[in-house]
**Q** 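Dropping a structure here in structure tokens format, bear with me for questions.
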Amino acid sequence: MSHQIIADLNTRYTAKKYDASKRISTEDMDVIKQAIRLSASSINSQPWKFLVIESDEAKQRFHNTFANMHQFNQPHATEASHIILFANKTHYSKDDYRRVVDAEVSSGHLPKEMYSNMLDGAFSFAESNTDSEGFNGNWTKAQTYIALGNTLHTLARLGIASTPMEGVDPDLISEVFKDELDGYECTVALAMGYHLEGEDYNHGLPKARLAMDDVVTVL
């Protein structure tokens with residue numbers, strides 16, 4: 001099949017070794033940040049925070065979070081051009097959602113007379129995913145993966161290599177980036193940059209996916 005979307009996805013892969021001398025341009029980073037901000041989320045909740053790590057000091061802090069586990073991902077902390085920490089709010093409240101509805105009205109997306117219906121009606125879905133202690137982290141975490149997928153395709157379009165990393169230490173990240181996370185939780189990160197020629201063994205290999213009929217059923 002010849003289509004730009006398919007071409008993007010066929011060339012996207014998980015980089016295993018980055019060229020530390022190559023940096024993502026400011027212009028491309030602006031596109032990436034705008035794309036991640038525009039990601040979809042359930043009831044437009046946007047229960048997330050994205051920490052973009054680009055300075056040497058921040059990279060070293062992220063490097064330090066691998067002290068106890070997942071050291072196979074540790075080199076990406078300092079060798080990749082940038083890392084994004086995808087964080088979600090574990091106790092997303094109606095007041096949090098109120099900010100979203102306010103933005104919907106001020107942007108012209110939502111008529112003012114529908115404010116209460118939106119706030120109360122849509123938030124009932126969040127409440128259905130919230131336990132008696134106010135925890136809805138499983139639901140909000142799922143939203144960050146929508147943003148992650150959107151970012152992966154954006155990077156593929158830009159010709160930038162990437163490595164999704166669930167192999168991180170949420171406890172140490174929460175400690176090292178406590179001030180920036182401000183109560184949000186990070187369980188997945190994304191390294192971005194340009195692969196190291198000759199040492200990234202995953203670069204250029206053919207895709208290995210199950211057959212279409214095994215995964216897609218048309219009814």
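Worth saying up front: this structure is predicted, and the values here are computed from it rather than measured. Position 1 is the first residue of the sequence; numbering continues from there.
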**Q** Got L205 and Y13 here, is their nearest side-chain heavy-atom distance under 4.5 Å?
**A** no
**Q** Nearest heavy-atom pair of A87 and L181: which atoms, and what distance?
**A** CB-CD2, 3.6 Å
**Q** Do V31 and M29 sit in one hydrophobic cluster, given that two such residues count as connected whenever their side-chain heavy atoms are within less than 4.5 Å of each other, even indirectly?
**A** yes
**Q** Run K49 and N88 through side-chain contact (heavy atoms from CB on, under 4.5 Å) and show every step you take.
**A** CA-CA 6 Å; K49 180 175 288 190; N88 61 292; over 6 Å; no
**Q** How many angstroms lie between OH in Y97 and CG in D120, if you round to the nearest 0.5 Å?
**A** 10.0 Å
**Q** Between R61 and E180, does at least one N-O distance fall below 4.0 Å, as a salt bridge requires?
**A** yes
**Q** Treating Ile, Leu, Val, Met, Phe, Trp and Tyr as nodes and any side-chain heavy-atom pair under 4.5 angstrom as an edge, say whether I173 and V52 lie in one connected cluster.
**A** no
**Q** Determine yes or no for a side-chain-to-main-chain donor-acceptor pair under 3.5 angstrom, with K59 supplying the side chain and A80 the backbone.
**A** yes
**Q** So do I84 and I32 actually touch side chain to side chain, heavy atoms under 4.5 Å?
**A** yes
**Q** Run the side-chain hydrogen bond (donor to acceptor under 3.5 Å, both in side chains) test on Y92 and N129 for me, step by step, so that the C-alpha distance in whole Å, both residues' side-chain angles and the decisive distance to 0.1 Å come before the verdict.
**A** CA-CA 10 Å; Y92 186 82; N129 287 281; over 6 Å; no
**Q** Using 0.5 Å steps for rounding, measure from the CD atom of E197 to the NZ atom of K22.
**A** 7.0 Å
**Q** Can D95 and S93 be said to form a side-chain hydrogen bond (donor to acceptor under 3.5 Å, both in side chains), step by step?
**A** CA-CA 5 Å; D95 282 339; S93 70; 5.0 Å; no
**Q** Go through the structure and list residues passing side-chain hydrogen bond (donor to acceptor under 3.5 Å, both in side chains) with S39, not counting sequence neighbours.
**A** N150
**Q** Does atom NE2 of H109 have more than 12 heavy-atom neighbours from other groups under 6.0 Å away?
**A** no
**Q** Among pairs that include at least one residue of residues 102-113, which meet salt bridge (Lys or Arg N to Asp or Glu O under 4.0 Å), considering only residues two or more places apart or in two chains?
**A** none
**Q** Go through it in stages, so that I can follow the logic: the residues are Q60 and N64, the test is side-chain hydrogen bond (donor to acceptor under 3.5 Å, both in side chains), and I'd like the CA-CA distance, side-chain angles, deciding distance and then a yes or no.
**A** CA-CA 6 Å; Q60 186 59 50; N64 295 343; 2.9 Å; yes
**Q** Any chain of hydrophobic side-chain contacts (each under 4.5 Å) joining I53 to F50?
**A** no
**Q** Are more than 12 heavy atoms from other residues, nucleotides or ligands located less than 6.0 Å from atom NZ of K207?
**A** yes
**Q** Compile the donor-acceptor pairs under 3.5 Å between side chains in residues 156-170 and protein atoms, sequence neighbours left out, one pair per line.
**A**
unit_1	atom_1	unit_2	atom_2	d
R157	NE	D8	OD1	3.4
R157	NE	D8	OD2	2.9
R157	NH2	D8	OD2	3.0
S162	OG	R12	NH1	3.1
T163	OG1	A15	O	2.7
T163	OG1	Y18	OH	2.7
E166	OE2	Y145	OH	2.5
D169	OD1	D171	N	3.1
D169	OD1	L172	N	3.2

**Q** Checking E54 now: which residues fulfil side-chain hydrogen bond (donor to acceptor under 3.5 Å, both in side chains) with it, not counting sequence neighbours?
**A** H82
**Q** For the backbone of G134 and the side chain of T130, can you confirm whether one donor and one acceptor N or O come within less than 3.5 Å of each other?
**A** no
**Q** Nearest 0.5 Å, please: how far is CG in L196 from NZ in K16?
**A** 15.0 Å
**Q** Measure centre to centre between the rings of F72 and H70, then say whether the value is under 6.0 Å.
**A** yes
**Q** Walk me through it: do L85 and F62 pass the test side-chain contact (heavy atoms from CB on, under 4.5 Å)?
**A** CA-CA 10 Å; L85 304 186; F62 183 53; 3.6 Å; yes
**Q** Linking I/L/V/M/F/W/Y whenever any side-chain heavy atoms sit under 4.5 Å apart, do W48 and W139 land together?
**A** no
**Q** Roughly how far apart are I24 CD1 and L155 CG, rounded to 0.5 Å?
**A** 6.5 Å
**Q** Find the distance between CD1 (I43) and CD (Q143) and round it off to the nearest 0.5 Å.
**A** 8.5 Å
**Q** Working note: H91 + D96, criterion side-chain contact (heavy atoms from CB on, under 4.5 Å); need CA distance, chi angles, decisive distance, verdict.
**A** CA-CA 9 Å; H91 293 70; D96 294 317; over 6 Å; no
**Q** Report yes or no: does T151 contribute a side-chain atom to a donor-acceptor pair with the main-chain N or O of A147 at less than 3.5 Å?
**A** yes
**Q** T140 side chain to K89 main-chain N or O, any donor-acceptor pair under 3.5 Å?
**A** yes
**Q** With a 6.0 Å cut-off (strictly less than), is the heavy-atom count around CD of Q71, excluding the residue itself, greater than 12?
**A** yes
**Q** Would you please name every residue forming a side-chain hydrogen bond (donor to acceptor under 3.5 Å, both in side chains) with S81, sequence neighbours left out?
**A** none
**Q** Dump the intermediate steps for side-chain contact (heavy atoms from CB on, under 4.5 Å) on F86 and I36, then the final yes or no.
**A** CA-CA 10 Å; F86 288 72; I36 201 170; 3.6 Å; yes
**Q** Nearest 0.5 Å, what's the CG-CZ distance between N73 and F66?
**A** 5.0 Å
**Q** Return all side-chain donor-acceptor pairs below 3.5 angstrom for residues 184-194, not counting sequence neighbours, or 'none' if the list is empty.
**A**
none

**Q** Can you confirm whether D56 is buried at CG, in the sense that more than 12 heavy atoms of other residues, nucleotides or ligands lie under 6.0 Å from that atom?
**A** no
**Q** Check for me, please, whether L110 and F125 land in the same ILVMFWY cluster - side-chain distances under 4.5 Å, paths through other members count.
**A** yes
